[in-house]
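Read the structure below first, then the notes.
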Amino acid sequence: MVKKGMFKYSCLIRGILETVWDKHSVTAATPPPSPTSGESGDLLSNLLQSPSSAKLLNQPIPILDVESEYICSLALECLAHLFSWIPLSASITPSLLTTIFHFARFGCDIRARKMASVNGSSQNCVSGQERGRLGVLAMSCINELMSKNCVPMEFEEYLLRMFQQTFYLLQKITKDNNAHTVKSRLEELDESYIEKFTDFLRLFVSVHLRRIESYSQFPVVEFLTLLFKYTFHQPTHEGYFSCLDIWTLFLDYLTSKIKSRLGDKEAVLNRYEDALVLLLTEVLNRIQFRYNQAQLEELDDETLDDDQQTEWQRYLRQSLEVVAKVMELLPTHAFSTLFPVLQDNLEVYLGLQQFIVTSGSGHRLNITAENDCRRLHCSLRDLSSLLQAVGRLAEYFIGDVFAARFNDALTVVERLVKVTLYGSQIKLYNIETAVPSVLKPDLIDVHAQSLAALQAYSHWLAQYCSEVHRQNTQQFVTLISTTMDAITPLISTKVQDKLLLSACHLLVSLATTVRPVFLISIPAVQKVFNRITDASALRLVDKAQVLVCRALSNILLLPWPNLPENEQQWPVRSINHASLISALSRDYRNLKPSAVAPQRKMPLDDTKLIIHQTLSVLEDIVENISGESTKSRQICYQSLQESVQVSLALFPAFIHQSDVTDEMLSFFLTLFRGLRVQMGVPFTEQIIQTFLNMFTREQLAESILHEGSTGCRVVEKFLKILQVVVQEPGQVFKPFLPSIIALCMEQVYPIIAERPSPDVKAELFELLFRTLHHNWRYFFKSTVLASVQRGITEEQMENEPQFSAIMQAFGQSFLQPDIHLFKQNLFYLETLNTKQKLYHKKIFRTAMLFQFVNVLLQVLVHKSHDLLQEEIGIAIYNMASVDFDGFFAAFLPEFLTSCDGVDANQKSVLGRNFKMDRDLPSFTQNVHRLVNDLRYYRLCNDSLPPGTVKL
């Protein structure tokens, strides 16, 4: 019935559209097109396969009056709405599609738009802009059909026809002749029409290309030709980005197709090779100022978007993703296309040395002519982009293809090493230039990008290292040594942060990813050790200091690859690591508790600075070693032991300084997560007891209520440490459970329970959940023998008051407006039920079950957490299913009796309408129906005027 109705409606709308079209058509009065105005005949016949289709779509577009335009707009809006929910079926006929495409042409016919604009000034005709809107609405209809992934077999022919007709429009848009370039034509079209057309192309590639590509009637390569023209003539950056997304989808499709049909790999690649090489070349040209300066200079490189990247960075990133995907498909072509372009720009950069002259204040770049400076600026910007491109391709030289592509990768790495060393030796980052505001940032950026590109090849270097570890070839040693010679001069306070951090990240990658055995013996590495451990040397900026210390620590702690345990030289490395940590924590260890007493010898701010600087470094070292071998963690803790003890001794003295306490607890939290086994039980117990003693109710209240976000962070980190403790298996920390639960329920919870702020609550409830989840036997004692003898799984209950208090806290949290906390706690209860059968326990079943159900139903009724109604419905089902009889016979009548705003008759109706289904889908459907009906009755009753008599 519905199907017949849809067919009737669609025929009716088609009739309206065709009537308007025919009424205003001027076919008879229009002279035939001239021979020179053809639409590239071969391509058109390829796309349409039918001369009659081409002739039909070449008919002149009628000029509509205002009323007709309005009727057509409504009809097309109607169709778009209809297509959004009806399936692809017989309701959608070829004649209807043809009619829609007639109107889609309104968006791309520039000549008709101009005529309408001229005529509209003197007659009752619509403007060009309004005609364009008809095209937008028609494309909306097409896109609604395109978005449907489920295509019946009988509809595929319609789909093919729809693609052919749309690509006729695409060809019309991208046609190039003397009067118009493609870009100027696109600029004249309505922006919304272009967006809709791009949406169509995206849907075609992402949803339908796999089914259409096999049709011999559909020439995919010719389509890619049109898409190429459409992409690279986009008038806006956003339009270009959207088209790059389409190419990314196509490349992903091609990659997955080849992986699933490896036997056909060569045939598939041969078919698309020319198109892919052309795409790669054009995308590379588009990121170079040499070819695309005007457009690139329009890009904003200062304002950050929601993804924390500038418009320029987004442009470059999306372009490089396309380059990388082509590289995956055609590695040889991609490399032979990119590397020569990189070489050309490198020659300019490496040739700058001949223009450096000595001046009174240092070295100066003797390039002063305005035109030369501009050309150098463009070349340096291009080199920076190309270095990023080369770095992005690093992943395609490793793994199974390492040997096959070794020579290409080696060529790249040797060039990058040469470039980084060159920049560090002649110190281009400190050179005076004629245009310092432009050229100096360019030189710094190129140097930083060369280091970053080399870092991208660290996994290749690691694989090279594992291949040559026995031979220790001089070539590999030279690569690493030269890289260190390039890095070391940059580890300085005189170097700009951008360059310094790039050098530090490369050093970390060498120490962590590559891990050559000889790294520590390289003189340049020894220089870095000496500089970092020298008490008189100026400290680097925080981030750089942390990175360098991490690298030096990893050199000594991480096991060398491909070497047995007895060749790791652990005793020597342990001594060296202890010396390193001793030097890094020298000032910190001198902060004995007496030194920070009321008569402290050092100003408080200086003390805080030492604590911050030392703990940030030590915490990072621990965090980066936490997943490594036991031996590495043992050595790390031995080196840190004295600093950890000093931290614990200092903690009470700074308990009222929330910024210091925050950093100390961060350090201890990292220790507990990574090195608690190495710390040993007695010292861990001492730490926990110290914290429990220090965090009194008064101290907690001060932190949460009076010290703002920093104070709350302190309490949250303390609770996170306790989360680690309660999850520890075995009996070692079980004696702390009563104290931890008491702290939560008697000290923390009363402070935060009624506060609207979500601070601390999430961490507290996670601690309570983990306490229950990992210590279930603390509350429910059970033995296998007792279960077998009784034939049931009812455990003996212990510590009942604490369990009841925790459950009550969970229940109260469901009455608060914070939806994130609600979702988290509902998930915790459901997890406890899945893992531990929480809802089945006698105490929960008899005393709490229907209280929770009541609360959850009230939440649904009040619509306070509507986003979670599905999760709430499932939870209600899981609770009710424990005792369906009790739910239907006792709870439901009692719940309805207690409901305000509905009369007795309405309550009776609600009760009768709630069916006694016991399967999940039906039960939750009944719950939601009950809630909606209850809300409806209340709304009706509230709208009655006062004094109304209800019958």
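What's counted below: heavy atoms across the whole structure, side chains too, no hydrogens, waters or symmetry copies.
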Min side-chain heavy-atom separation [X]-[Y] under 4.5 Å:
| X | Y | answer |
| --- | --- | --- |
| Leu346 | Phe339 | no |
| His233 | Glu187 | no |
| Tyr349 | Leu428 | yes |
| Arg364 | Thr358 | no |
| Leu558 | Ile625 | yes |
| Thr310 | Glu302 | no |
| Val357 | His363 | no |
| His237 | Glu311 | yes |

Mark yes or no for whether [X], through its side chain, and [Y], through its backbone, hold a donor-acceptor pair below 3.5 Å.
| X | Y | value |
| --- | --- | --- |
| Arg515 | Pro559 | yes |
| Asp620 | Ser616 | no |
| Ser458 | Gln455 | yes |
| Ser466 | Gln463 | yes |
| Asp190 | Ser192 | yes |
| Ser384 | Leu380 | no |
| Arg381 | Cys378 | no |
| Gln318 | Tyr315 | no |
| Ser553 | Arg550 | no |
| His377 | Cys373 | no |

Exercise for review: Decide side chain to side chain contact (heavy atoms under 4.5 Å, CB included) for Leu552 and Leu556; before the verdict, give the C-alpha distance in whole Å, the side-chain angles of both, and the deciding distance to 0.1 Å.
Suggested key: CA-CA 7 Å; Leu552 299 180; Leu556 297 169; 5.9 Å; no
Exercise for review: From the options Leu383, Asn345, Leu296, select the one residue that forms a side chain to side chain contact (heavy atoms under 4.5 Å, CB included) with Gln288.
Suggested key: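 Testing each of Leu383, Asn345, Leu296 against Gln288, the sole residue satisfying side chain to side chain contact (heavy atoms under 4.5 Å, CB included) is Asn345.
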Review point. Out of Val182, Ile246, Leu186, which one pairs with Tyr230 under the side chain to side chain contact (heavy atoms under 4.5 Å, CB included) rule?
Key: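 That would be Leu186; it is the only one of Val182, Ile246, Leu186 passing the side chain to side chain contact (heavy atoms under 4.5 Å, CB included) with Tyr230.
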Write out all pairs satisfying salt bridge (charged side-chain N to carboxylate O under 4.0 Å, His left out) with one or both partners inside [range], taking only residues at least two apart or from two chains.
| range | result |
| --- | --- |
| residues 442-455 | Asp445-Lys498 |
| residues 265-291 | Glu213-Arg271, Glu282-Arg286 |
| residues 327-354 | Lys259-Glu328, Glu347-Arg415 |

Exercise for review: Would you please test Phe335 and Tyr396 for ring-ring contact (aromatic ring centres under 6.0 Å, His included) and show each step?
Suggested key: CA-CA 10 Å; Phe335 183 76; Tyr396 302 113; over 10 Å; no
Check your understanding: Under 3.5 Å, is there a donor-acceptor pair linking the side chains of Gln545 and Asp542?
Key ->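 No.
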Say you draw a straight line from [atom1] of [X] to [atom2] of [Y]; how long is it, rounded to the nearest 0.5 Å?
| X | Y | atom1 | atom2 | answer |
| --- | --- | --- | --- | --- |
| Leu170 | Leu201 | CG | CG | 6.0 Å |
| Leu454 | Trp460 | CG | CH2 | 10.0 Å |
| Glu321 | Asp245 | CD | CG | 10.5 Å |
| Leu365 | Gln354 | CG | CD | 10.5 Å |
| Leu342 | Ser385 | CG | OG | 11.0 Å |
| Leu227 | Phe223 | CG | CZ | 4.5 Å |

Review point. Stepwise, does the side chain to side chain contact (heavy atoms under 4.5 Å, CB included) test hold for Leu352 with Leu443?
Key: CA-CA 11 Å; Leu352 291 178; Leu443 292 166; 3.9 Å; yes
Taking only Lys NZ, Arg NE, NH1 and NH2, and the carboxylate oxygens of Asp or Glu, determine whether [X] and [Y] approach each other closer than 4.0 Å.
| X | Y | answer |
| --- | --- | --- |
| Lys440 | Glu432 | no |
| Glu414 | Lys418 | no |
| Asp252 | Lys325 | yes |
| Asp372 | Arg375 | yes |

Quick one: sort the [X] and [Y] rings into parallel, tilted or perpendicular, breaks at 30° and 60°.
| X | Y | value |
| --- | --- | --- |
| Phe289 | Trp312 | tilted |
| Phe232 | Phe228 | tilted |
| His447 | Tyr429 | tilted |

Between [X] and [Y], what is the shortest heavy-atom contact and its length?
| X | Y | result |
| --- | --- | --- |
| Leu244 | Ser319 | CD1-OG, 3.9 Å |
| Leu507 | Val548 | CD2-CG1, 4.4 Å |
| Val446 | Leu387 | O-CD1, 3.7 Å |
| Leu320 | Ala389 | CD2-CB, 3.5 Å |
| Asp382 | Ile287 | OD1-O, 4.0 Å |
| Ala434 | Thr368 | CB-CA, 3.9 Å |

Review point. Given the side-chain rings of Phe397 and Phe402, with only the six-membered ring counted for Trp, is the space between their centroids under 6.0 Å?
Key: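 Centroid separation for Phe397 and Phe402: 6.0 Å or greater.
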Review point. So, for Phe406 and Tyr464, is the gap between ring centers shorter than 6.0 Å?
Key: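 Here the rings of Tyr464 and Phe406 have centres that are less than 6.0 Å from each other.
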**Study point:** Qualifying residues under salt bridge (Lys or Arg N to Asp or Glu O under 4.0 Å), relative to Arg405, sequence neighbours excluded
**Key:**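 For Arg405, no residue satisfies salt bridge (Lys or Arg N to Asp or Glu O under 4.0 Å) once neighbours in sequence are set aside.
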Practice item. Could you check Val514 against Leu519 for side chain to side chain contact (heavy atoms under 4.5 Å, CB included), going step by step and ending with a plain yes or no? Key: CA-CA 10 Å; Val514 187; Leu519 189 59; over 6 Å; no
Point to revise | Residue pair Ile367, Leu439: steps toward the side chain to side chain contact (heavy atoms under 4.5 Å, CB included) verdict | key: CA-CA 10 Å; Ile367 297 176; Leu439 293 180; 5.9 Å; no
Point to revise | Test ring pair (Phe, Tyr, Trp, His ring centres under 6.0 Å) applied to Tyr272 - qualifying residues, sequence neighbours left out | key: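 Tyr272 satisfies ring pair (Phe, Tyr, Trp, His ring centres under 6.0 Å) with Phe250 once adjacent residues are dropped.
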Practice item. Write out all pairs satisfying side chain to side chain donor-acceptor pair (under 3.5 Å) with one or both partners inside residues 477-490, taking only residues at least two apart or from two chains. Key: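 Applying side chain to side chain donor-acceptor pair (under 3.5 Å) to every pair that reaches into residues 477-490, excluding sequence neighbours, yields Gln474-Thr478.
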